[in-house]
Every structure is written in C-alpha cells, then in structure tokens.
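The block underneath contains the structure these notes are about, expressed in structure tokens.
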Amino acid sequence: MRTLVTGSAGFIGSHVVEALERAGHEVVGLDSRAGGGDVRDGAALDRVLGGVDAVVHQAAKVGLGVDVSDLPDYASVNVLGTATLLAAMARHGVERLVLASSMVVYGEGAYDCEAHGRVRPGPRSRDDLARGEFEPRCPHCGLPVTSAVIGEDAPADPRNAYATTKLAQEHLAANWARETRGAAVALRYHNVYGPRMPRDTPYAGVAAIFRSALEAGRAPRVFEDGRQRRDFVHVRDVAAANLAALGALGTLGTLGTSAPGTLTAYNIASGEPRTVGEMAAALAGERGGPAPVTTGEYRLGDVRHIVAGSERARTGLGFRATIPFADGMKEFSTAPLG
C-alpha cells in the first residue's frame, strides 16, 4: 500500500516509516524539517498525495508548552494543519487515515470513590499543589479516590493547549470520515519514549528531560512527590500500533474492520503503569547516577494519574506492546536522542 506519513522525520514518525517499509509499504514522507513541505501547505500536499492509499498523520507541535503565547502556534500546526491535510485527502480520494492522538485528551485519569463510584476530578488548584496536596479528591464529597484504568469512551477533558488541539484533530478527522465515507483510527499514545526522542526542551517529554540531565551529570528533578502514575510505551511498540491500525483500515481495494464513515479511538500503551519516580530511578540506575531528587515542584495543567485500559487495542487492532519497561529503559539510557 502506498502510504503518506506526515512528520516522517520526527521522533515517532521516523520509527513509523521504518516499520511500514519493513512490512512492504511504499512510504511517501512529508516533514517540514526535512524540506519536504508543511501540512498547512495545500500545494505541497497535492504534490505528495497522488496515488496514495492511506495517510498516517504524525506531524504536530507537541508538549505541554510554555504559556498562552504558544496558543497560536499549537492551533496553526495541529488544527489548521490537520484541516488542510483532510481537505487535500478529500480532493485526492484518499479513504484511510491513522491519526496520532494522545492520552492528554482525557485530562485526569479515571478514579473511584467509595461513596460515588467512578468519578472524574476537576483540575487541581494552585493552592492545593503549593501545599503538597497532589492527590485528586472526589468532586462530590471531597474524600480520597483510587486511581483506575481509563477507557476510550471516557469523556474528554483537555487541560492545556496541546491537549485541546489533539482533541480538535480527532473531531476534524471524524468530520472528514462522515462526509467522505472514509475510515479513521485515532491512536491515543500514552507516554512514548525511546531512541531519537527530542532532547530537553520546554516541549520535551519527561523521559527526555531526565535522560538529558543524567547525560550532563545532573540529578533528574522529579516534580510533585514522584508518585504520579503513567504508562511509558516504547516508540517501536507505537510504530507497531500504527502498522496494526493500517491493517484495520484494510488492504488495497478493501476497507477493513474500521467501518467507513467513522473514527475509532484506541489507547496505545504498554500495560505496565509506573510512577514518574520509578522511571527516573530506572534511568539513573542504568547510567550509574546521580540519583533523582524529588522537588515538590509542580506545573499547572499536569494531571496526577493516568493509566490506560488497553483491551480495545488488543481486540480491535490485535496490538499488544512487547518491550518491557526494564528493557526499554536500559536501551533508552544510552540511545541517541534527537
């Protein structure tokens, strides 16, 4: 199948390209960093979409961001860029889309209250965070809650610019699918790490920030109390999920198990949730220190716990992560960064 990968020179996109080529796909790449064009440029898209059977859309501005001054750029790259791509796909009759989405669309993860069952706490207040009260409480009674796995049908609650624009991408893709009778899959990546991860910047993931600190001989600075839970998934597993999603969209001349006119979302995660502190300690251990320092600092917009339910990806895509946390951290501790 001839497949266009946007963001093909990026961290995740480059691994996706390799996985698709190994599986026999003819890959066309588009990446502004490689001089190939921008997803906001309709003429550039027209040049690469001819004869394409499917699009894997990885191009995006990522990370939590710095402040509200980032809003225009997030909206331009992620929202306008996706809208421009979808319009070009419609012009060229491309019927299959794999969209790189994110677990950030959920906001906080799922929680259970003894009195009220499954609840979704609101954003944590600056005052609570400053006092070191990091755990969310039941929005109805204020009592402590227990973290639970979150499924794809949980209501969206984006809490920063990146999250809001990723959800907008999903809505635009669903609109495209309805109007064109195309089929779309949204892969909600959890915390992706691995070789070629971007270095320490305000937009980098926490794994890269810790790795860059260790490389410079500094102790990783772990925010809050280090007990916030995430699911760290290796980039090669994420690339395999993209390949599986293309399979669900069907081979050349057919549509697969994803129904035309719809978008289906899938959590893409390892199934091995860990705390941020555990991840910092694992990287520090592999590199021989220095040991992480837990600072009590916080960022507004961060969530406390988010743990993925992975059953839909197993049944719908046949995807299951294969790289264990310990093996992945060992490799990442010395892997080249982007």
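None of the values given here were measured: they were computed from a predicted structure.
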Under the side chain to side chain contact (heavy atoms under 4.5 Å, CB included) rule, collect the residues that match up with [X], sequence neighbours excluded.
X      : value
Ser32  : Asp38
Ser125 : Asp127, Asp128
Val206 : Phe210, Phe232, Val276, Met279
Ala213 : Arg218

Strictly by modelled atom types, are Thr3 and Asp53 linked by a side-chain donor-acceptor pair under 3.5 Å?
-> no
Sequence neighbours excluded - salt bridge (charged side-chain N to carboxylate O under 4.0 Å, His left out) pairs with any residue from residues 317-326 | none
Quick note, salt bridge (charged side-chain N to carboxylate O under 4.0 Å, His left out) partners involving residues 164-180, not counting sequence neighbours, are Glu170-Arg188
His92: ring pair (Phe, Tyr, Trp, His ring centres under 6.0 Å) partners, not counting sequence neighbours | none
Short side-chain to backbone donor-acceptor contact, [X] and [Y], under 3.5 Å:
X      : Y      : result
Asp31  : Ala9   : yes
Arg221 : Thr295 : no
Asp231 : Val307 : no

Got a list of side-chain donor-acceptor pairs under 3.5 Å for residues 13-23, not counting sequence neighbours?
from, atom 1, to, atom 2, distance (Å)
Ser14, OG, Gly10, O, 2.8
Ser14, OG, Phe11, O, 3.2
Ser14, OG, Arg196, NH1, 2.8
His15, NE2, Pro195, O, 3.0
Glu18, OE1, Arg196, NH2, 3.3
Glu18, OE2, Arg196, NH1, 3.4
Glu18, OE2, Arg196, NH2, 2.8

Distance-only donor-acceptor hits, side chain of residues 324-331, under 3.5 Å, sequence neighbours excluded:
from, atom 1, to, atom 2, distance (Å)
Glu331, OE1, His234, NE2, 2.6
Glu331, OE1, Arg236, NH2, 3.4
Glu331, OE2, Arg236, NH1, 2.9

With sequence neighbours left out, what residues match Glu152 under side-chain hydrogen bond (donor to acceptor under 3.5 Å, both in side chains)?
-> none
Quiz: residues 241-250 side-chain donor-acceptor pairs under 3.5 angstrom, not counting sequence neighbours:
from, atom 1, to, atom 2, distance (Å)
Asn242, OD1, Gln58, NE2, 2.9
Asn242, ND2, Tyr189, OH, 3.0
Asn242, ND2, Val238, O, 2.9

Could you name each residue pair satisfying ring pair (Phe, Tyr, Trp, His ring centres under 6.0 Å) that touches residues 95-151, not counting sequence neighbours?
-> His116-His140
